[in-house]
Amino acid sequence: MCERAALAALALAVGCADPCADLDAPALALGSSDAAATRFEPFEDGAPLPLVAGPQGGMHVWLSLRLTGLCMEHVRVERRIVDDATEEIVELQRGPLRFVEGDAPDTWVTAGAIPMILCPTTRSVVGERFRFAVRAEDSLGRSAVSMRPFVAACVEGACELCDPL
């Protein structure tokens, strides 16, 4: 009888283990994406990111995220584009994101690239330096912050909306 009780207690203890208890330190990597907006593509600090035409006539750059060390059940992610020269927030997003398992254990990536809108605007953005500033936090209070500068680049001269001058 005692053996059964011990086995039942062990089964309950294993079944109730915290899936987030053994996570590594939180980390957040920022990337862009391929042309189809389907995968995480790393880029170097200050690299040119192509402006992409959106379905409603604006232009955006792709942002992709890779997270580790966060409990993914209730992750909140704040995404910004900040003008490097003026510190002005150009784009701010707080909406929900969908993540899928990455190629390494306990690694998660955005299910698709996130369009971060840069224009139309009242000023030129082509050739200007910006930075992504992203903060991810889980329900347990663990967080990761990352920033990555980039230059808005016009591809094939199709950036009239981004150069109002």
Participant: Calculate, to the nearest 0.5 Å, the distance between atoms CG and CD belonging to Asp138 and Glu73 respectively.
Facilitator: 9.5 Å
Participant: What are the two closest heavy atoms between Pro50 and Val61, and how far apart are they?
Facilitator: O-CG1, 3.7 Å
Participant: Does the structure place the NZ or CZ of Arg66 under 6.0 Å from the centre of the six-membered ring of Phe40, at an angle of no more than 45° from the ring's axis?
Facilitator: yes
Participant: When you measure from the side chain of Thr110 to the backbone of Leu65, do you find a donor-acceptor pair of N or O atoms at a distance under 3.5 Å?
Facilitator: yes
Participant: Side chains of Val109 and Phe99: closer than 4.5 Å at any heavy-atom pair?
Facilitator: no
Participant: side-chain contact (heavy atoms from CB on, under 4.5 Å) between Arg76 and Glu137: does it pass, once the steps are laid out?
Facilitator: CA-CA 5 Å; Arg76 294 177 307 281; Glu137 182 176 356; 3.6 Å; yes
Participant: In the structure I gave you, are the side-chain heavy atoms of Leu70 and Trp108 within less than 4.5 Å of one another anywhere?
Facilitator: no
Participant: Please answer whether the main-chain N or O of Leu63 pairs with a side-chain N or O of Arg79 as donor and acceptor at a distance below 3.5 Å.
Facilitator: no
Participant: Rounded to the nearest 0.5 Å, how far does CD of Glu91 lie from CZ of Phe132?
Facilitator: 10.0 Å
Participant: Check the pair Arg94, Glu78 against salt bridge (charged side-chain N to carboxylate O under 4.0 Å, His left out), reporting the backbone distance first and the verdict last.
Facilitator: CA-CA 5 Å; Arg94 292 187 177 121; Glu78 181 176 280; 2.7 Å; yes
Participant: Which heavy atom of Leu23 sits nearest a heavy atom of Cys71, and at what distance?
Facilitator: CD1-N, 3.7 Å
Participant: Could you tell me whether the side chain of Gln93 and the main chain of Ile114 form a donor-acceptor pair under 3.5 Å?
Facilitator: no
Participant: Could you grab the distance from atom CZ of Arg129 to atom CG of Asp45, nearest 0.5 Å is fine?
Facilitator: 7.5 Å
Participant: What are the two closest heavy atoms between Ala53 and Met59, and how far apart are they?
Facilitator: CA-SD, 3.6 Å
Participant: Taking Val134's backbone N and O only, do any of them form a donor-acceptor pair with Ser146's side chain (distance below 3.5 Å, no angle check)?
Facilitator: no
Participant: Could you pull out the closest heavy-atom pair between Gly46 and Val151, with the gap in Å?
Facilitator: O-CG2, 3.6 Å
Participant: Between Phe43 and Arg148, is there a cation-pi geometry (under 6.0 Å to ring centre, at most 45° from the normal)?
Facilitator: yes
Participant: Shortest non-hydrogen contact from Ala136 to Leu28?
Facilitator: N-CD2, 4.3 Å
Participant: Evaluate whether atom CD of Glu87 has more than 12 neighbouring non-hydrogen atoms of other residues, nucleotides or ligands under 6.0 angstrom away.
Facilitator: yes
Participant: With a 4.5 Å cut-off on side-chain heavy atoms, are Asp24 and Asp106 touching?
Facilitator: no
Participant: Has Ser32 got a side-chain atom pairing as donor or acceptor with Glu41's backbone, closer than 3.5 angstrom?
Facilitator: no
Participant: Do the side chains of Arg131 and Met147 get nearer than 4.5 Å, heavy atoms only?
Facilitator: yes
Participant: So, for Ser33 and Ala113, which heavy atoms are closest and what is the spacing to 0.1 Å?
Facilitator: CB-CB, 3.5 Å
Participant: Strictly by modelled atom types, are Thr107 and Asp103 linked by a side-chain donor-acceptor pair under 3.5 Å?
Facilitator: no
Participant: When rounded to the nearest 0.5 angstrom, what is the spacing between CH2 in Trp62 and CG in Leu51?
Facilitator: 12.0 Å
